[in-house]
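What follows is a single structure, written as C-alpha cells, with notes after it.
Model, not experiment: these values are computed from the prediction. Order of the sequence lines fixes the chain letters, A, B, ..., with proteins taken first and strands second; residue numbering starts at 1 for each chain.
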Amino acid sequence: YALHIPHDEL
Amino acid sequence: MNVFRILGDLSHLLAILILLAKMWRSKSCAGISGKSQVLFALVFSTRYLDLFFVFISLYNLVMKVIYLLCSYITIYMIYGKLRKTYDRENDTFRLEFLLIPVIGLSFLENYDFIPTELLWTFSIYLEAVAILPQLFMISNTGEAETITTHYLFFLGLYRALYLANWIWRYHTEKFYDQIAIISGVVQTIFYCDFFYLYITKVLKGKKLSLP
C-alpha cells in the first residue's frame with residue numbers, strides 16, 4: 001500500500 | 001502525473017475561472033450558492049495546510065495557491081462586492097446537516113489520528129458534498145443560467161476525470177487511496193442527474209429549467 005502522507009493530489 | 005489527472009486539474013481550474021468570469025462580467029452573483037462556495041473555500045483551506053509542511057512539486061504548490069486565492073476572491077465577490085445581487089432567499093441549505101456528519105465521519109474513518117490528517121480527511125469528505133447547496137438552490141428556483149451550468153459541468157468533469165486517474169494509478173503504480181476514491185465516487189454520483197440535464201438540454205441550446 002502506497003504511503004498516504006503526503007497527499008500528492010489536489 | 002497522467003493525462004486524466006492533468007485534464008482533471010485543468011477542468012477544475014476552468015470551472016473556478018468560469019464562475020469568477022461570470023460574476024466579473026455580469027457584475028452579479030445571482031443563482032450562485034454562497035454556501036457551496038464557503039464550503040469549497042473550507043475544503044481548500046483544510047486540505048492545503050500541507051503547503052506549510054511539505055513540498056511536493058512546483059506544479060502542486062502553484063495550483064494549490066491558485067485554487068485558494070480564487071476561492072477567497074469568489075467569496076469576497078458573493079458576500080462583499082456583489083452582495084446586493086446574492087440570492088439569499090434561495091440559498092437555504094442547512095450547512096449543519098453536512099458539516100456535522102462530515103466532521104463525525106472524518107474522526108471515524110481516517111488514515112491517522114493527527115490534526116493535519118484529520119483536516120485532510122475532513123476536506124475530502126466535505127468536497128464530496130459541498131456542491132449540494134448549489135444543486136439545492138437550482139431545484140429551489142427550478143432553473144439555472146447557462147453559464148452556471150457550464151461551471152457545474154466542468155466541476156463534475158474534474159471529479160469524473162479523477163476517477164479515471166485513480167484507475168490508471170492503480171494499474172500503473174499500484175497506488176490507491178480508498179478515502180479519496182470512495183468520496184470521489186460519491187461526489188461524481190451527485191453530478192450524474194445534472195450531467196443528464198446538461199447533455200439533453202444545455203448542449204442543445206436550451207436553458208436548464210426543471211419541470
Side-chain angles (χ1 to χ4, degrees), chain A, chain B residues 1-2 4-6 8-13 16 43-44 46-57 59-68 110-112 114 116-121 123-124 127 158-159 161-163 165-166 169-170 172-181 183-184:
Chain A
Y1 178 70
L3 190 69
H4 58 269
I5 309 168
H7 305 287
D8 66 343
E9 290 176 343
L10 298 167
Chain B
M1 183 78 84
N2 58 66
F4 303 111
R5 162 76 197 280
I6 189 99
D9 288 346
L10 291 177
S11 172
H12 194 182
L13 183 62
I16 293 170
V43 164
F44 291 141
T46 49
R47 188 176 308 166
Y48 298 163
L49 280 177
D50 65 355
L51 279 172
F52 297 106
F53 309 114
V54 283
F55 177 80
I56 294 164
S57 67
Y59 169 81
N60 195 284
L61 183 137
V62 170
M63 291 298 269
K64 283 175 175 171
V65 171
I66 294 175
Y67 286 171
L68 275 168
N110 53 64
Y111 294 132
D112 202 351
I114 55 170
T116 48
E117 196 54 28
L118 288 173
L119 286 168
W120 177 86
T121 313
S123 84
I124 293 288
E127 187 185 351
Y158 138 66
R159 257 315 180 203
L161 284 164
Y162 256 68
L163 296 185
N165 158 56
W166 290 322
R169 290 191 72 173
Y170 180 71
T172 55
E173 307 166 34
K174 288 281 166 274
F175 169 91
Y176 72 96
D177 177 337
Q178 65 268 46
I179 287 182
I181 291 172
S183 310

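Both the backbone and the side chain of B/N60 come within contact range of chain A, each with at least one heavy atom under 4.5 Å from a heavy atom of that chain. In this structure, chain A has no heavy atom under 4.5 Å from any part of B/F44. Using a 4.5 Å cut-off between heavy atoms, B/F53 makes no contact with chain A at all.
Side-chain atoms of B/D177 and A/H7, non-hydrogen and from C-beta on, do get closer than 4.5 Å to each other.
The main-chain N or O of B/I56 is never found under 3.5 Å from a side-chain atom of A/D8 such that the two would form a donor-acceptor pair.
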B/R47 and A/E9: CA distance, side-chain angles, deciding distance, side-chain contact (heavy atoms from CB on, under 4.5 Å) verdict: CA-CA 10 Å; B/R47 188 176 308 166; A/E9 290 176 343; over 6 Å; no
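The local environment of OH in B/Y59 is crowded, with over 12 non-hydrogen atoms from other residues, nucleotides or ligands closer than 6.0 Å. Under a cut-off of 6.0 angstrom, the local environment of CZ in B/F55 is crowded, with over 12 non-hydrogen atoms contributed by other residues, nucleotides or ligands.
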